[in-house]
> 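Submitted below is the structure of interest, expressed as structure tokens.
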Protein chains: 2
Amino acid sequence: MSDLRVTVDIVIFTVRDGALQVLLVKRGVPPFAGQYAIPGGFIHADESLEAAAIRELHEETGVRNLFLEQLYSFGDPRRDPRGRVITVAYYALIASDKLSVVAGADAAEAGWFAVTKVPPLAFDHQQILACALERLRNKLEYTTVGFQLLPAKFTLGELQSVYEAILNRKLDKRNFRRKIALLKILKPLRQYQHTGRKPAQLHRFAAPTKS
Amino acid sequence: MSDLRVTVDIVIFTVRDGALQVLLVKRGVPPFAGQYAIPGGFIHADESLEAAAIRELHEETGVRNLFLEQLYSFGDPRRDPRGRVITVAYYALIASDKLSVVAGADAAEAGWFAVTKVPPLAFDHQQILACALERLRNKLEYTTVGFQLLPAKFTLGELQSVYEAILNRKLDKRNFRRKIALLKILKPLRQYQHTGRKPAQLHRFAAPTKS
DNA sequence: CCAGTATAGTGTCCGCGAGACACTCTGTCA
DNA sequence: TGACAGAGTGTCTCGCGGACACTATACTGG
């Protein structure tokens with residue numbers, strides 16, 4: 001049990017340019033120097049796993065209060081050539097209007113990559129990313145995580161684009177709108193977005209109106 | 001990061017006497033001496049998390065080749081009064097016909113407890129157990145984990161009892177049988193079980209017959 | 001031996017959710 | 001002012017799942 005260390009790695013997703021993207025940092029030191037990796041770091045002596053994840057997330061993106069969920073723990077004895085390192089992986093979703101703050105303090109070189117076009121990753125990070133993607137896609141079906149990726153006000157078209165970007169396939173507009181309407185968690189606003197041809201009604205995420 | 005340790009804890013379920021039960025061990029040393037806890041132990045230097053779980057499971061029950069799945073990692077800094085201990089929790093299912101070997105090598109005092117009647121547990125093990133229960137119940141709905149709890153040959157009535165024990169509610173016999181039949185994973189045998197009043201046909205778990 | 005009983009086994013109706021599918025409307029821009 | 005791009009809107013159908021009740025039969029005990 002001599003020198004065992006525990007890290008927290010965070011798969012940070014956003015949707016930009018109509019594609020699901022993930023934040024990766026370029027490693028400056030061996031092993032895997034020059035390769036991209038999922039951001040993460042060692043846990044401090046007196047912080048919980050989740051607190052460590054929140055801290056790392058803030059360091060990388062400058063943002064707090066995101067959706068964050070524990071994913072899985074990876075502990076193959078040879079996953080890190082430097083020694084025994086177990087990692088507890090998390091994944092997070094950041095709204096597209098908050099990610100201007102990207103490439104924060106300590107990230108030597110960080111960047112967003114479409115999940116369909118990630119470069120080779122260090123360690124077992126390819127596996128972690130695959131695990132996060134699978135979880136996100138599953139959660140999308142039976143929860144409302146998708147809303148975490150949008151600004152406070154958004155159109156139904158934008159919401160559908162987010163779903164399509166995550167699932168990587170086209171959805172039927174009418175079926176999608178029906179499904180969302182059934183959830184009763186959107187409040188239509190008296191505002192319209194005038195960026196396209198015909199203005200689209202803006203909506204706000206809201207708990208279902210209690211009886 | 002000085003002295004951080006990592007354990008693997010395993011919530012081991014079985015169905016006995018028509019109730020979902022969990023294996024607990026009585027602690028012989030402080031902290032929480034005399035209280036029950038979920039079996040577990042430290043990971044060895046050169047074994048993966050899953051290998052550690054398999055090893056612990058074998059030590060506790062004498063059984064290998066069970067259903068085993070990683071559950072969640074718990075890392076609150078104060079979850080163990082002795083110091084910083086992070087635990088990676090797993091849960092396992094053991095078939096009712098294999099659990100004669102219970103109370104294996106190192107368990108000072110071990111016993112099965114109905115999940116509705118567990119004593120107060122050491123550390124945050126109550127929380128871990130709750131987490132495992134929730135996962136098991138969810139998995140039961142959309143996977144075939146339930147079959148892991150039965151011997152190779154079983155009746156449909158026994159299968160339904162297992163489901164009812166886990167979900168802790170009665171199920172409709174005809175709906176249940178229809179649902180199972182739709183899965184096409186059971187092979188009816190030319191054998192009947194004569195323990196009750198009217199003999200019941202035995203079935204065997206089998207992959208769906210490929211076209 | 002027979003009456004009682006406990007468990008095995010079986011089919012229909014209904015409601016909900018989800019997929020397939022096409023047209024009109026309208027503000028903007030050229 | 002005409003073309004266009006995106007907004008918005010209903011119906012049919014199918015599969016899944018819940019609610020619901022009776023017959024069949026082997027074993028048991030008197």
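Values reported hereafter were calculated over all heavy atoms of this structure, with side chains retained and with hydrogens, waters and symmetry mates removed. Just so it is clear: chains get the letters A, B, ... in the order the sequence lines come, proteins before strands, and each one is counted from 1.
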> Calculate the interatomic distance between A:Lys170 atom NZ and C:dC21 atom C1'; express it in whole Å.
17 Å

> Rounded to whole Å, how long is the line connecting atom CD of B:Gln160 with atom P of C:dA6?
18 Å

> Using modelled atom types and a 3.5 Å cut-off, is there a donor and acceptor pairing between side-chain atoms of B:Gln70 and backbone atoms of A:Tyr72?
no

> For the pair A:Leu71 and A:Tyr90, evaluate side-chain contact (heavy atoms from CB on, under 4.5 Å) and give the outcome as yes or no after the intermediate values.
CA-CA 5 Å; A:Leu71 183 61; A:Tyr90 281 76; 5.6 Å; no

> Rounded to the Å, how far apart are B:Asp172 CG and C:dG9 P?
15 Å

> How about CZ on A:Arg64, more than 12 heavy atoms from neighbouring residues, nucleotides or ligands closer than 6.0 Å, or not?
no

> Which comes earlier along DNA chain C counting from the 5' end, the contact point of A:Lys198 or that of B:Pro199, where each point is its nearest nucleotide?
B:Pro199

> Using the side-chain heavy atoms of B:Gln201, tell me which of these nucleotides is nearest: C:dG4, C:dC29, C:dG9.
C:dG9

> Nearest whole angstrom, please: distance from the P of C:dA20 to the CG of A:Leu171.
10 Å

> Expressed in angstrom and rounded to an integer, what is the separation of B:His203 atom NE2 from C:dA8 atom C1'?
10 Å

> Which listed nucleotide (C:dA8, D:dA7, D:dA5) is nearest to the side chain of A:Arg177?
D:dA7

> Quick check: A:Phe123 with A:Phe74 (ring centres under 6.0 Å apart)?
no

> Tell me which of A:Glu158 and B:Glu141 sits closer to the 5' end of DNA chain D, going by the nucleotide each one is nearest to.
A:Glu158

> Can you measure A:Tyr192 atom OH to D:dA5 atom P for me and round it to whole angstrom units?
23 Å

> Can you find an N or O donor on one side and an acceptor on the other, under 3.5 Å apart, linking the side chain of A:Lys179 with the base of C:dG17?
no

> For a quick test of reading the model, state the closest non-hydrogen atom pair linking A:Gln126 to A:Pro119 and the distance between them.
OE1-O, 4.1 Å

> With no angle test and no hydrogens, is the base of C:dA20 tied to the side chain of A:Asn175 by a donor-acceptor pair under 3.5 Å?
yes

> Expressed in angstrom and rounded to an integer, what is the separation of A:Arg169 atom CZ from C:dA20 atom C1'?
14 Å

> Which sits closer to the 5' end of DNA chain D, A:Arg174 or A:Ala200, going by the nucleotide each is nearest to?
A:Ala200

> Is there a side-chain polar atom (N or O) of B:Arg178 under 4.0 Å from OP1 or OP2 of C:dG11?
no

> How do A:Leu182 and A:His194 order along DNA chain C: which one's closest nucleotide is nearer the 5' end?
A:Leu182

> C:dG9 P sits how many Å from B:Leu156 CG, rounded?
6 Å

